[in-house]
Structure formats: structure tokens, C-alpha cells
Amino acid sequence: MQRGKRQEKADGTKQLSHSQNFITDKKLIHRIVSIGGIGKEDTIVEIGTGKGHLTEALCERGGFVYSVEIDPKLCDSAKKRLFRYANVKLICGDFLKYALPAKGAYKVFANMPYFITTKIIEKLANAKNPPTDMWLIMEKGAAKRFMGKPRETEKSLLLKVNWDMEILWHFQKEDFHPRPSVDSVLVHFAKKEVPDFLKSEYGAFQKFIAHSLQYGICGKKGLLTKRQVQTALKQAGLPHAHEDGVTLYIQWLCLFRYYLHLKRKPF
């Protein structure tokens, strides 16, 4: 995990420094890696090599590991720890500029920089060749927002079209060194074999969600009437919408499909 902060240089300009929180307990590391079910047939991209503790476990269980670390000093430290492994390539650079595999299946494991969590997930989720699975250590509050808890957001709804998400592990603050100020969890993102919408419909769903969250699904500027919302949910056997709006992802799916049906219906 990394926390970013601005430090002032001698010339008065600002630069981004990285302070990291490491997991070094071998039993815990092997426990969270084993949760993922990683095997010798798997290619793994790791975000944030750190000192190489987690990388070691990935090398021992996985097929080949590409590990990306932005801090040159940590790269040097990790090289010394990982020199005996032939199935790892250490890349010293910025993951946001790193080219993900253009073809072939791969998985991602990351004790990632918390301050750029959204950018990392967007890069992975929107890649031309996205990973099949991602195990991401992140701040608990951010994880809940991506999962749409306690309420769906635009980001959570768009992610759920292609991904199933589940919290697999709750860390103690004492599991990290130095001790972070926030609660952390391990989240599994599993890519759906069949997305909930066709790729050609994704843009329309994005516009439907953005418009409905801003104006309401059946408000004055809503895309559906209250009766249409009730009819769609009833036909699908789903709960009625709450007074404060639609709350479940499956309800959003239902209403969007109904909206598309109405648009395509000849008059």
C-alpha cells in the first residue's frame, strides 16, 4: 500500500513522494495468496513490489510474475530478495504507464497505492485485454463504494456490468508496517464470462445511469414514468423501488432493459 503526499523541493516546486505500508508476516502473505487459488498455470501482474515479500509468495505459487514498482530504492531492495526466482520480471516504473498484456489470460494481485486506487481500477477494468481476476488490497471505504455499499454509485453500477466483487479478507491495522490510519480489505474482482450487456449497449447504459442519478429515473426529467418503473420491476419479479429511488443493481439492469425495449418498440 502507498500513500501519496506532496513534498516541497529546494526550488519551491512540488513533487510526489511515496510512503508505503508493507505486509511482512509470511503466514498472512501465504494465506491471502492462497485465497486467490493462484496456480502454476497463471501469469500474474503485481502492482507495488515493495520489498518483495508478497512477490516471493506469488513466485512460489504462480507461473510467471510481472511486478511493477515505482520507487527505485525499493526496486533495488526487491531485486536482492528475488534474485533466486527465474519466474519473475521486475519493472521499475509507474504502473499507470505500464503496458498491460495485449493478449492471453493474466491475473492481478496488488497491495496498491491507495491514493490512486480509482485510476488503477479504471485502467484494469477498461483495458482492451482486462485480467480475468484481480485481488486488490485497498482501503475499506473505497472498496464499499466500488461495490455499491450502502448505495449504488455510477462507478459501482458500471463496474458490475463486467465484474463480480467480493471482500475476501479484513486486515488488522497491525498487519501493516508502518501501521496505517485506515481499515484495509482484500477485494476479489472476477471478470464475468458473459457481461450483463452487449458491448454496443454499454455507452447507452452509462448515459442512462448518469441521467437517472442526476434527475431521477421517473422524475420530471426521468427517462421512465413511475408506472413504467412499477411495470418493469413487477414483470421481472423484482422488489418495488423505494421512495428514495432504485437501490439494487439488478433493478437498474431491469429498468435499463425495459428502457431499451421501449425505445425499440415501434409506434
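The analysis underlying the following values was restricted to heavy atoms, covering all of them including side chains, and did not include hydrogens, waters or symmetry mates.
Once rounded to the nearest 0.5 Å, the distance linking OG1 of Thr231 with NZ of Lys226 reads 12.5 Å. The structure places CZ of Arg61 at 5.5 Å from OG of Ser34, a figure rounded to the nearest 0.5 Å. Atoms NZ and CE, on Lys144 and Met138 in that order, are 14.0 Å from each other to the nearest 0.5 Å. Ile47 contributes atom CD1, which lies 5.0 Å from atom CD1 of Ile120 (distance to the nearest 0.5 angstrom). A distance of 12.0 Å separates CG of Asp71 from CG of Asp94, quoted to the nearest 0.5 Å. The CG atom of Leu223 sits 10.5 Å away from the CG atom of Leu255 when rounded to the nearest 0.5 Å.
Residues Glu46 and Ser67 approach most closely at OE1-OG, 2.6 Å, considering heavy atoms. The two residues Val229 and Ala241 have their closest heavy-atom pair at CG1-CB, 4.4 Å. Counting all heavy atoms, side chain and backbone alike, Tyr114 lies closest to Ser184 at OH-OG, 2.8 Å. Taking each heavy atom of Leu248 and Pro239 in turn, the nearest pair found is CD1-CG, 4.2 Å. Ala236 approaches Cys254 most closely through the heavy-atom pair CB-SG, 3.7 Å. Contact detail for Gly50 and Ala78: the closest heavy-atom pair is O-CB, 3.8 Å.
Checking side-chain atoms of Asp42 against main-chain N and O of Gly39 turns up a donor-acceptor pair under 3.5 Å. Asn162 places no side-chain N or O within donor-acceptor distance of the main-chain N or O of Leu159, the cut-off being under 3.5 Å. Between the side chain of Glu166 and the backbone N or O of Leu168 there is no donor-acceptor pair closer than 3.5 Å.
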Evaluate the criterion ring-ring contact (aromatic ring centres under 6.0 Å, His included) for residue pair Phe197 and Tyr202; output intermediate values, then yes/no.
CA-CA 6 Å; Phe197 296 123; Tyr202 187 82; 8.1 Å; no

Could you walk me through whether Lys79 and Glu69 satisfy the salt bridge (Lys or Arg N to Asp or Glu O under 4.0 Å) test, starting with their C-alpha distance in whole Å, then the side-chain angles of each, then the deciding distance to 0.1 Å, before giving a yes or no?
CA-CA 11 Å; Lys79 283 178 183 177; Glu69 173 56 55; over 6 Å; no

Just do the salt bridge (Lys or Arg N to Asp or Glu O under 4.0 Å) check on Arg264 and Glu201 with the steps written out, would you?
CA-CA 13 Å; Arg264 294 166 180 166; Glu201 296 174 333; 3.1 Å; yes

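Looking only at atom types and distance, the side chain of Tyr85 has no donor-acceptor partner in the side chain of Thr55 under 3.5 Å away. Between the side chains of Asp196 and Tyr249, at least one donor-acceptor pair of N or O atoms lies under 3.5 Å. In this structure, a donor-acceptor pair under 3.5 Å is absent between the side chains of Asn21 and His177.
In this structure, the side chains of Val185 and Ile137 stay at 4.5 Å or more apart for every pair of heavy atoms. Counting heavy atoms from C-beta on, the side chains of Phe95 and Leu124 come closer than 4.5 Å. Contact check for Phe189 versus Asp164: no side-chain heavy atoms found under the 4.5 Å cut-off. Proximity of Tyr106 to Ile44: side-chain heavy atoms (C-beta onward) are nowhere separated by under 4.5 Å. Taking 4.5 Å as the limit, some side-chain heavy atom of Glu56 sits within range of a side-chain heavy atom of Leu82. Side-chain contact between Leu158 and Phe205 is present, with heavy atoms from C-beta onward closer than 4.5 Å. Contact of the Met134 side chain with the Lys191 side chain is not registered, since no non-hydrogen atoms from C-beta on lie closer than 4.5 Å. Leu96 places a side-chain heavy atom less than 4.5 Å from the side chain of Ile116.
Both the sub-6.0 Å distance and the 45° axial angle are satisfied by Lys51 relative to the ring of Phe22.
Checking each of Ile23, Thr49, Thr24, Val33 against Leu54 for a side chain to side chain contact (heavy atoms under 4.5 Å, CB included) leaves exactly one that passes, namely Val33.
Residues Tyr66 and Leu90 do not share a hydrophobic cluster, clusters being chains of Ile/Leu/Val/Met/Phe/Trp/Tyr side chains in contact below 4.5 Å.
Ion pair Lys26/Glu60 not flagged as a salt bridge, since none of the NZ, NE, NH1 or NH2 atoms sits closer than 4.0 Å to an Asp/Glu carboxylate oxygen.
Ring pair Trp135/His188 is parallel by interplanar angle, where below 30° counts as parallel and above 60° as perpendicular.
The 12-atom threshold is exceeded at NE2 of His211, counting heavy atoms of other residues, nucleotides or ligands nearer than 6.0 Å. Residue-environment remark: NZ (Lys40) exceeds the threshold of 12 foreign heavy atoms within 6.0 Å. Around atom CD of Gln172, no more than 12 heavy atoms belonging to other residues, nucleotides or ligands sit under 6.0 Å away.
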